[in-house]
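Starting from 1, each residue takes its place in the sequence as its number. Since this is a predicted model, take the numbers as computed values, not measurements.
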Amino acid sequence: MSGADELRAFAADLGKIASKALPDTDAVLKKGAQNIKDDLVADARGSKHFKGMAGSISYDSMYGIGHAKYEIGPDKGRRGGALGNIAYFGTSRGGGTLDLEGPLARESPNLERELDKLADKWGGQLE
């Protein structure tokens with residue numbers, strides 16, 4: 001096999017992987033988003049002052065050509081969602097008692113592990 005033939009075969013293999021990579025990656029990110037959302041909801045439900053906003057916490061998929069991402073947090077259009085800024089960031093009168101970063105920090109090792117597994121799987125398809 002010539003160098004050009006090897007390069008074409010390699011490019012074809014990469015194309016096959018790329019067509020599967022985004023949906024596989026999205027599945028991992030969706031599970032992570034759900035876990036983070038569940039953690040945020042549990043934190044809000046346990047709050048004396050902000051338990052009413054627990055039902056407003058959701059996530060939105062930002063899936064598109066070449067990317068998959070999720071936005072997680074209180075939805076201002078839902079009941080109690082407008083309290084999100086006060087609950088997480090506070091005002092001069094108080095608030096800022098809920099933890100926005102902790103759920104992400106706790107889920108990050110799981111996301112990294114699962115994405116590493118996918119990268120190993122895809123890399124194995126090139127051999």
Side-chain angles (χ1 to χ4, degrees):
M1 188 182 277
S2 73
D5 290 337
E6 288 179 10
L7 186 58
R8 277 192 280 281
F10 181 70
D13 287 346
L14 283 177
K16 291 175 192 172
I17 291 169
S19 69
K20 295 178 182 175
L22 191 57
D24 289 350
T25 301
D26 184 58
V28 168
L29 294 178
K30 183 176 183 177
K31 179 158 179 43
Q34 182 65 49
N35 291 341
I36 293 167
K37 175 196 169 258
D38 291 346
D39 204 352
L40 290 171
V41 168
D43 189 30
R45 282 191 179 137
S47 169
K48 177 180 176 183
H49 301 287
F50 299 110
K51 61 183 165 197
M53 67 168 256
S56 74
I57 298 172
S58 64
Y59 63 84
D60 292 320
S61 171
M62 311 266 178
Y63 190 92
I65 297 172
H67 72 274
K69 61 184 177 178
Y70 286 82
E71 185 176 287
I72 310 159
D75 181 340
K76 290 183 182 181
R78 292 175 145 183
R79 183 173 168 246
L83 293 173
N85 284 341
I86 298 168
Y88 293 111
F89 305 110
T91 69
S92 60
R93 295 182 182 166
T97 56
L98 295 186
D99 185 8
L100 188 58
E101 294 179 14
L104 177 60
R106 287 186 286 280
E107 187 61 25
S108 288
N110 299 329
L111 286 169
E112 289 173 15
R113 182 185 63 248
E114 294 304 314
L115 291 172
D116 282 345
K117 285 180 187 177
L118 286 178
D120 289 345
K121 174 184 157 187
W122 299 323
Q125 293 176 12
L126 293 174
E127 297 172 3

So [Y] and [X], do their side chains get closer than 4.5 Å, heavy atoms only?
{"X": "Arg106", "Y": "Asp39", "answer": "yes"}
{"X": "Leu40", "Y": "Tyr88", "answer": "yes"}
{"X": "Pro103", "Y": "Asp43", "answer": "no"}
{"X": "Leu115", "Y": "Glu112", "answer": "no"}
{"X": "Tyr63", "Y": "Lys30", "answer": "no"}

Work out which heavy atom in [X] is nearest to a heavy atom in [Y]; give both atom names and the distance.
{"X": "Met53", "Y": "Ala44", "answer": "CG-CB, 4.4 Å"}
{"X": "Arg78", "Y": "Ile57", "answer": "NH1-O, 3.9 Å"}
{"X": "Gly81", "Y": "Pro74", "answer": "O-CB, 3.8 Å"}

[atom2] on [Y] to [atom1] on [X], rounded to 0.5 Å:
{"X": "Tyr59", "Y": "Ile36", "atom1": "OH", "atom2": "CD1", "answer": "11.0 Å"}
{"X": "Leu98", "Y": "Phe89", "atom1": "CG", "atom2": "CZ", "answer": "10.5 Å"}
{"X": "Asp26", "Y": "Lys31", "atom1": "CG", "atom2": "NZ", "answer": "14.0 Å"}
{"X": "Leu104", "Y": "Ile72", "atom1": "CG", "atom2": "CD1", "answer": "7.5 Å"}
{"X": "His67", "Y": "Thr25", "atom1": "NE2", "atom2": "OG1", "answer": "12.5 Å"}
{"X": "Leu118", "Y": "Arg113", "atom1": "CG", "atom2": "CZ", "answer": "12.0 Å"}

Task: Under the side chain to side chain donor-acceptor pair (under 3.5 Å) test, residues paired with Glu114 that sit two or more places apart - done: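 Result, side chain to side chain donor-acceptor pair (under 3.5 Å) vs Glu114: Lys117.
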
- [ ] Please collect all salt bridge (charged side-chain N to carboxylate O under 4.0 Å, His left out) contacts where either partner lies in residues 44-66, sequence neighbours excluded, each pair once.
- [x]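 Pairs touching residues 44-66 that pass the test: none.
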
Task: Any residue meeting ring-ring contact (aromatic ring centres under 6.0 Å, His included) with Phe50, in chain and number order, not counting sequence neighbours - done: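 Testing Phe50 for ring-ring contact (aromatic ring centres under 6.0 Å, His included), a comparison that skips the adjacent residues, returns none.
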
- [ ] Return yes when atom CD of Glu71 has more than 12 non-hydrogen atoms of other residues, nucleotides or ligands closer than 6.0 Å, and no otherwise.
- [x]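 Not more than 12 within 6.0 Å, no.
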
Open item on the list: Please determine whether the number of non-hydrogen atoms from other residues, nucleotides or ligands lying under 6.0 Å from atom CZ of Arg79 exceeds 12.
Closed with: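 No - once you tally the heavy atoms of other residues, nucleotides and ligands closer than 6.0 Å, there are 12 at most.
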
Open item on the list: So does Ala87 get a backbone contact from the side chain of His49, meaning a donor-acceptor N/O pair under 3.5 Å?
Closed with: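 No, His49 side chain to Ala87 backbone: no donor-acceptor pair under 3.5 Å.
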
